[in-house]
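In what follows, a single structure is set out as C-alpha cells and then discussed.
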Amino acid sequence: SWANRSKPTDSRYFAAGGVPVEIMIQLANQTNKPAWFNMPHKADDDYMRQFATLVRDTLNPQVPIYVEYSNEVWNTMFSQHAWISEQARKLWPGGNDSDYTKVINWYGKRTAEMCDIWKTAFGSQAGRVTCVLGAQAANSWTAAAALDCALWDKKPCSAHGIDAVAIAPYFGNYLGTPDNQSAVKQWTTEADGGLSKLFAELKTGGVLKGGPAGGAVAESWRWIDDYTTLTSARRLQLVGYEGGQHLVGVLGVENDDAITQLFITANRDPRMGAIYLDYLRGWEKRNGKLMLMYSDIGISSKWGSWGVLEHVLQTNSPKYDALLDYIAGTEYEAVVTLSASATTLSEKGGSITLTAQLDKKLTKPVTLTLSLGGNAVQDSDYKLSAATLVIPANSLSGTLRIDAINDTLIEKAEKISISIGSIAGDARSIASPLQLTLTQEDTDQDGMPDDWEQYYGLNPASAADATLDKDGDGVSN
C-alpha cells in the first residue's frame, strides 16, 4: 500500500520496498533523462494513483515518463508470475484456457487498469505518460494475447491507454545452454581461446550446429521484426526494457570455468563493441525506440557479464564505447584480430599461417608489428616470412607465415606466444595472445624424438631400434 511504501528517510533502499519514488524523481530531474517506473505487482489502485500524482506534480514536465506494471510477468521463474497466476485462476476458474493464458490475460487487464489510473491522474497532461506493456521477445503471442485480453469483460486491453510494447531482445543466450556445452567448450581449446568462433557465431552464424540462421544477432533481429509488425498494425511504440548480449551459462553450464572465461573475455573484446553498434542500428532500422541496455555497471562472473562497465572507476570498455558512439552517431573504430591456421607446428618442416582480420574494409592499409614471446627463439627455432603483417587497403585480411627451423637439438616442446604489438592504421586490436607449440618430430613413432635418435646414431625412420640396447646396459633405447 502507499502508506507502507519506501520513504526517503528509510535507512536503506535495497529492501523489499525498493527505491523511494522521491529519489527516482530527483535522479530523473538532475539527469534530465527519461524516467521509467515499474508498479509493484501487488500495488493497489490507491498506490498507483498516489504514485502517479506525485510524479505529475514533482517531475520536470519536459522529462519523458514510462510506466510499466511489474516486470516480466510472462517469465515463469519469477514470483510475480506465481502470484498473478493465483489471481487469474480466482478470476477465471475452469474453462478451457491454460493457466499461462490466464496469466497473460490478467497481466493485460492489470496493465490496462494501471494505464487508466495514470492517465486519469495526469488529466490534460496525460500525453506526458507512455504506458508500457511488457512481453517476451521470442514470443510475440505474449504481447498480442495481453493486448487483446479476451477473458476480460472490458476487453480489449489495448483500448485502455496502452502506448507501447516493451521487449528484451538479447542475443546469444543459446550459447550457454547444456545442449551446446560440448561444442562451445571445444572452441576454448583453440589458440585464441575460442573467440574467433564465438564472434563468427554471433555475427553470421553457421559455426554451431543447429544454431539460428544468420547467427545470434540475426535471431534477435527476427524477433524484433515480429514485434515491428505487431506494433505497427496496432499503432503502438516498440521499446526495449532490456537488451544486449546474453552470454552466460545456465542449467549447470555456469559451472564450466572454460566457457565462463570465454564469455567474460568476449565481453571485454573490441569485437563486442562493434557488434553492439550493429545491434543497435538494427534495432533503430526496425523502428525500435527507447532501449535500455542491461546494465550500467556490474562485475563479470559465472552469472553473466551484464555491466557495460565493470566498476565505478572504469571509464571505457568496448560495450560502453559502442553505446557512446551510437548516441553520438559516430562510427566504431575498426577492429583487427589475429588467428592461426593451427596451434602446433612440427620442428621438422612445420608451418603455420597467421591471419589478421578486419571487421570492415578500410581505404588505407593496416600494418601490424607482432610481439613474440615464449621459450622458442625467433630465427633459431622458427622464422617469420615477413617483418610485419599487412592488411592491404580495401581488404579484410592479410597473412604471414611462420616456418619451423630444425635445429637438431635435443629439447622439449617449445612455446611461441604471439600478439599484436603495435598497429599502423585506423584500427585497434584485441589483447589476447595466440599460444602455439613447436613440437619435436617422432617420424617412426617409437617414443624417441628424431633429434634424439640422430644425436645417438639411431635411425629416425625405423621403430626397430627402440628395442635395441646400444650401450649394453640391459636397458633398451
Side-chain angles (χ1 to χ4, degrees), residues 2 5-6 17-21 23-25 27-28 33-45 47-56 59 63-81 83-84 87-88 103-122 126-137 139-140 142-149 152 156-170 224 227 230-231 234 236-243 283 288-295:
W2 186 250
R5 66 189 178 87
S6 296
V19 177
V21 59
I23 301 300
M24 291 189 277
I25 292 171
L27 178 62
K33 299 298 182 183
W36 189 301
F37 302 108
N38 288 73
M39 297 294 96
H41 64 279
K42 294 183 180 180
D44 57 24
D45 289 359
Y47 178 99
M48 294 186 183
R49 188 175 298 108
Q50 297 274 18
F51 196 116
T53 300
L54 185 60
V55 172
R56 181 197 67 197
L59 182 68
V63 172
I65 300 167
Y66 295 81
V67 59
E68 177 187 9
Y69 173 65
S70 192
N71 172 61
E72 289 195 2
V73 169
W74 55 264
N75 193 333
T76 58
M77 295 177 62
F78 291 158
S79 59
Q80 59 265 35
H81 177 96
W83 185 85
I84 289 172
Q87 312 312 307
V103 166
I104 298 301
N105 273 259
W106 201 95
Y107 170 67
K109 176 191 82 73
R110 192 56 179 152
T111 296
E113 292 169 343
M114 176 195 72
C115 295
D116 285 339
I117 291 169
W118 271 72
K119 295 293 179 73
T120 299
F122 271 73
R128 293 173 57 190
V129 179
T130 298
C131 203
V132 177
L133 180 138
Q136 184 181 15
N139 182 4
S140 61
T142 57
L147 289 167
D148 293 337
C149 59
W152 191 31
C157 291
S158 57
H160 291 261
I162 295 175
D163 303 297
V165 172
I167 59 173
Y170 286 108
I224 298 168
Y227 275 93
L230 182 148
T231 53
R234 295 171 182 260
L236 300 172
Q237 294 182 48
L238 176 60
V239 296
Y241 67 85
E242 292 173 18
W283 166 259
K289 304 302 181 184
L290 182 71
M291 165 66 82
L292 285 73
M293 302 300 288
Y294 187 79
S295 62

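- For the pair Thr142 (side chain) and Gln136 (backbone), a donor-acceptor distance under 3.5 Å is present.
- Rounding to the nearest 0.5 Å gives a distance of 6.5 Å between CG of Leu54 and CZ of Arg5.
- A pairwise comparison of heavy atoms in Thr111 and Val132 identifies CG2-O, 3.7 Å as the closest pair.
- For the pair Ser140 and Leu230, the tightest heavy-atom approach, listed with the atom from each and the gap, is O-CD1, 3.7 Å.
- Aromatic ring orientation, Phe51 versus Tyr47: tilted (interplanar angle from 30° to 60°).
- With sequence neighbours excluded, the residues that form a side chain to side chain contact (heavy atoms under 4.5 Å, CB included) with Pro20 are Ser6, Pro8, Tyr13, Glu22, Ile23.
- Side-chain contact between Trp106 and Val73: absent, with no pair of heavy atoms (C-beta onward) separated by less than 4.5 Å.
- Tyr170 contributes no side-chain N or O that, together with a main-chain N or O of Ala137, makes up a donor-acceptor pair within less than 3.5 Å.
- Between Trp152 and His160, the ring planes are tilted. Angles from 30° to 60° get that label.
- Using a 3.5 Å distance cut-off with no hydrogens or angles, the side chains of Glu113 and Tyr69 do not pair a donor with an acceptor.
- Side-chain atoms of Tyr241 do not come within 3.5 Å of backbone N or O of Met291 as any donor-acceptor pair.
- Leu238 has its side chain within reach of Ile224: a pair of non-hydrogen atoms, C-beta onward, lies under 4.5 Å apart.
- Considering all non-hydrogen atoms of both residues, Arg234 and Ser158 come closest at NH1-OG, 4.4 Å.
- Residue Ala35 comes nearest to Val63 through the heavy atom pair N-CG1, 4.0 Å, listed as atom of the first residue, atom of the second, then distance.
- Pro169 and Trp283 get closest at one heavy-atom pair: CG-CZ3, 4.1 Å.
- Side chains of Tyr107 and Leu133 form a contact here, defined as non-hydrogen atoms less than 4.5 Å apart.
- Considering only heavy atoms from C-beta on, Arg110 stays 4.5 Å or farther from His41 through its side chain.
- The backbone N or O of Asn71 sits less than 3.5 Å from a side-chain atom of Gln80, completing a donor-acceptor pair.
- A 4.5 Å side-chain heavy-atom check between Asn105 and Cys149 finds at least one atom pair inside the cut-off.
- Summarising the geometry of Tyr66 relative to Val239, their closest heavy-atom pair is CE2-CG1, 4.3 Å, with the distance given to 0.1 Å.
- No side-chain heavy atom of Asn139 sits less than 4.5 Å from a side-chain heavy atom of Trp74.
- We find the CG-CE distance between Asn38 and Met114 to be 8.5 Å, quoted to the nearest 0.5 Å.
- Interatomic distance, Met48 CE to Thr53 OG1, rounded to the nearest 0.5 Å: 13.0 Å.
- Annotation: side chain of Val55 is not in contact with side chain of Val129 (no heavy-atom distance under 4.5 Å).
- His81 places none of its side-chain heavy atoms less than 4.5 Å from the side chain of Asn75.
- For Arg56 (side chain) and Ala121 (main-chain N/O), a donor-acceptor pair under 3.5 Å exists by modelled atom type.
- Between Thr130 atom OG1 and Trp36 atom CH2 the span is 9.0 Å, to the nearest 0.5 Å.
- Checked by atom type and distance alone, the side chain of Asp163 pairs as donor or acceptor with a backbone atom of Cys131 at under 3.5 Å.
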